[in-house]
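To keep things clear, I will list the structure first and then write my remarks on it.
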There are 2 protein chains.
Amino acid sequence: MTLNNHTKKALESLKSSPLKTTKQRVDIIKILFSDGNNHFTAENVHNKIENLGLNISLATVYNCLNQLTENNIIKSVKTSCNKIYFDTNTTSHHHFFCKNSSTLIDIESKNIKISKLPKIPNGKKLDSIEIVVNLTE
Amino acid sequence: MTLNNHTKKALESLKSSPLKTTKQRVDIIKILFSDGNNHFTAENVHNKIENLGLNISLATVYNCLNQLTENNIIKSVKTSCNKIYFDTNTTSHHHFFCKNSSTLIDIESKNIKISKLPKIPNGKKLDSIEIVVNLTE
DNA sequence: ATCGTAAATTAGAATTATTCTAATTTAGTA
DNA sequence: TACTAAATTAGAATAATTCTAATTTACGAT
């Protein structure tokens, strides 16, 4: 089983992060990054684990995904369907969200542009802009 | 207790909707529209009800808010804090979301502009665009 | 190599927001 | 005023996620 570049990079990021390199984290990273798809819920990941005959508890899946997120190895996306999706694309980007199929599709930053932004309220500062383009079928 | 225009309009909308004009719905509309604030969770509304000495069950608050939303008397907004906020502003608009205080602030449509949008994936159609400008303090 | 310790994993309980259920009450029409 | 579909209610159920506390593991120091 040769690892693709995304997986290798993510495993290196894990190694250089403060997180310990546990079997579970390595397995989860392999699952996340070896797939063509970028977007996973914790349950998606847990299902893949079970299908592969691996044994990682759902709590660990959640812990792991949250810590990978905190360490910028993956990103999380909150959608209007009230589930957290984890995204292997850590670059700044936006999303299509198809309401019928509950699927996310990346929109690269260069393909969407905001030309006017309101004044930021006093005492606050800009953190990030999230654009979700909702689709129907 | 004289009602402001927003409240009067919302009560008229209720009357002309298919929904029955119940005491609970009228009370909830009064609470939503008489306040300067536009954004409420179901719990916010339920707390106000209790503080006013009224007695409306949380289930009714949820039912009512959902039905007012379905009938375009209010709108609902999903935020990254995993709670549904109900918004008395039914015009097309966007939001600031302050992560520290979990507060929403309206951004009027005219104050934000998208000048470039990616091609909509085949077989799907555009439903809506949601822009959230996340703030920190 | 082994030890010690902080970190990670685990199963299952807890939590949070919301929806559902089924019995009772009510609005508004006939 | 009675009838009936709709609304309300308390409390149970659900779904996604987090917490708890006991056990196990990674990995730097010995």
Side-chain angles (χ1 to χ4, degrees), chain A residues 11-31 39-50 54-71 73-87 97 102 104, chain B residues 11-31 39-50 52-71 73-87 97 102 104:
Chain A
L11 290 172
E12 278 164 33
S13 300
L14 174 63
K15 202 160 283 174
S16 58
S17 80
L19 300 176
K20 290 188 175 168
T21 302
T22 64
K23 182 180 183 313
Q24 289 86 340
R25 283 177 181 155
V26 171
D27 285 343
I28 287 171
I29 283 178
K30 284 181 184 167
I31 285 168
H39 303 103
F40 300 89
T41 63
E43 252 216 303
N44 292 160
V45 175
H46 194 239
N47 286 152
K48 294 208 170 224
I49 285 164
E50 303 218 305
L54 300 170
N55 231 26
I56 305 178
S57 78
L58 186 57
T60 299
V61 172
Y62 272 104
N63 287 344
C64 177
L65 292 172
N66 285 334
Q67 281 169 318
L68 295 180
T69 302
E70 279 160 28
N71 288 275
I73 299 170
I74 60 177
K75 262 192 167 182
S76 75
V77 190
K78 294 254 178 82
T79 63
S80 53
C81 70
N82 260 3
K83 277 182 204 164
I84 298 173
Y85 279 76
F86 294 90
D87 190 343
F97 181 65
S102 284
L104 282 167
Chain B
L11 290 173
E12 278 164 33
S13 300
L14 174 63
K15 202 161 284 175
S16 57
S17 80
L19 301 175
K20 288 188 177 171
T21 302
T22 64
K23 182 179 181 315
Q24 289 88 338
R25 284 177 180 155
V26 170
D27 284 344
I28 287 171
I29 283 177
K30 284 180 183 167
I31 285 168
H39 303 104
F40 300 89
T41 63
E43 251 214 305
N44 291 160
V45 174
H46 194 238
N47 286 153
K48 294 209 168 221
I49 285 165
E50 303 216 305
L52 291 170
L54 299 171
N55 231 26
I56 305 179
S57 78
L58 186 55
T60 299
V61 173
Y62 272 103
N63 287 343
C64 178
L65 292 172
N66 286 333
Q67 281 170 317
L68 294 179
T69 301
E70 279 161 27
N71 288 276
I73 298 168
I74 61 179
K75 262 193 169 183
S76 74
V77 191
K78 294 253 177 82
T79 64
S80 53
C81 71
N82 260 3
K83 276 182 206 164
I84 298 171
Y85 280 76
F86 294 90
D87 189 344
F97 180 66
S102 283
L104 282 168

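Quick note on labels: first sequence line is chain A, next is B, and so on, each numbered from 1.
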Could you tell me the separation between the CD1 atom of A:Ile84 and the C1' atom of C:dA17, rounded to a whole number of Å? 13 Å
Taking side chain to side chain contact (heavy atoms under 4.5 Å, CB included) as the definition, give me every residue that meets it alongside B:Ile84, ordered by chain and number, with sequence neighbours left out. B:Ser76, B:Lys78, B:Phe86
Enter the inter-axis angle for the ends of the helix from C:dA1-D:dT30 to C:dA30-D:dT1 (five pairs per end, rounded to 10°). 20°
Show every side-chain hydrogen bond (donor to acceptor under 3.5 Å, both in side chains) that has at least one partner inside residues 12-26 of chain B, sequence neighbours left out. B:Lys23-B:Asp27, B:Arg25-B:Gln67
Measure the spacing between CD of B:Glu50 and CD1 of B:Ile56 and express it to the nearest 0.5 Å. 10.0 Å
Count the heavy atoms belonging to other residues, nucleotides or ligands that lie under 6.0 Å from CD of A:Glu43, then report whether that count exceeds 12. no
List in chain and number order the residues that pass side chain to side chain donor-acceptor pair (under 3.5 Å) with A:Lys48, two or more places apart in sequence or in another chain; answer none if no residue qualifies. A:Asp35
Non-neighbouring partners of B:Thr60 that pass side chain to side chain donor-acceptor pair (under 3.5 Å), sequence neighbours left out: B:Ser57
Find out whether A:Ile74 and A:Ile29 are in side-chain contact, i.e. whether some heavy atom of one side chain is under 4.5 Å from a heavy atom of the other. no
Going 5' to 3' along DNA chain D, which nucleotides are the first and last within contact of chain B (any atom under 4.0 Å from a heavy atom)? D:dA5 to D:dG11
Contact list please: residues 61-70 of chain A against DNA chain C, heavy atoms, distance less than 4.0 Å, in numerical order. A:Asn63, A:Gln67
Which residues pass the ring-ring contact (aromatic ring centres under 6.0 Å, His included) test with A:His46, not counting sequence neighbours? none
If I compare all heavy atoms of B:Pro18 with all of B:Asn71, which pair ends up nearest, and what's the gap? CD-OD1, 3.3 Å
Only counting residues at least two apart or in another chain, list the ones meeting side chain to side chain donor-acceptor pair (under 3.5 Å) with B:Asn63. none
If you compare all heavy atoms of A:Ile28 against all heavy atoms of A:Val61, which two are closest, and at what distance to 0.1 Å? CD1-CA, 4.1 Å
Starting from C1' on C:dA17, measure out to NZ on A:Lys78 and report it in whole angstrom. 13 Å
Using whole Å, what does the distance between atom P of nucleotide C:dA17 and atom CG of B:Leu58 come to? 10 Å
Partner residues of A:Asn47 under the side chain to side chain contact (heavy atoms under 4.5 Å, CB included) criterion, sequence neighbours left out: none
Holding to side chain to side chain contact (heavy atoms under 4.5 Å, CB included), I want the full list of residues that pass it with A:Tyr85, two or more places apart in sequence or in another chain. A:His39, A:Thr41, A:Val77, A:Thr79, A:Cys81, A:Lys83, A:Ser102, A:Leu104
When B:Thr41 and A:Pro18 are each assigned the nearest nucleotide of DNA chain C, the 5'-most assignment goes to A:Pro18
Pairs under 3.5 Å (N/O, protein and nucleotides 27-30 of chain C):
{"unit_1": "C:dG28", "atom_1": "OP1", "unit_2": "B:Thr21", "atom_2": "N", "d": "3.0"}

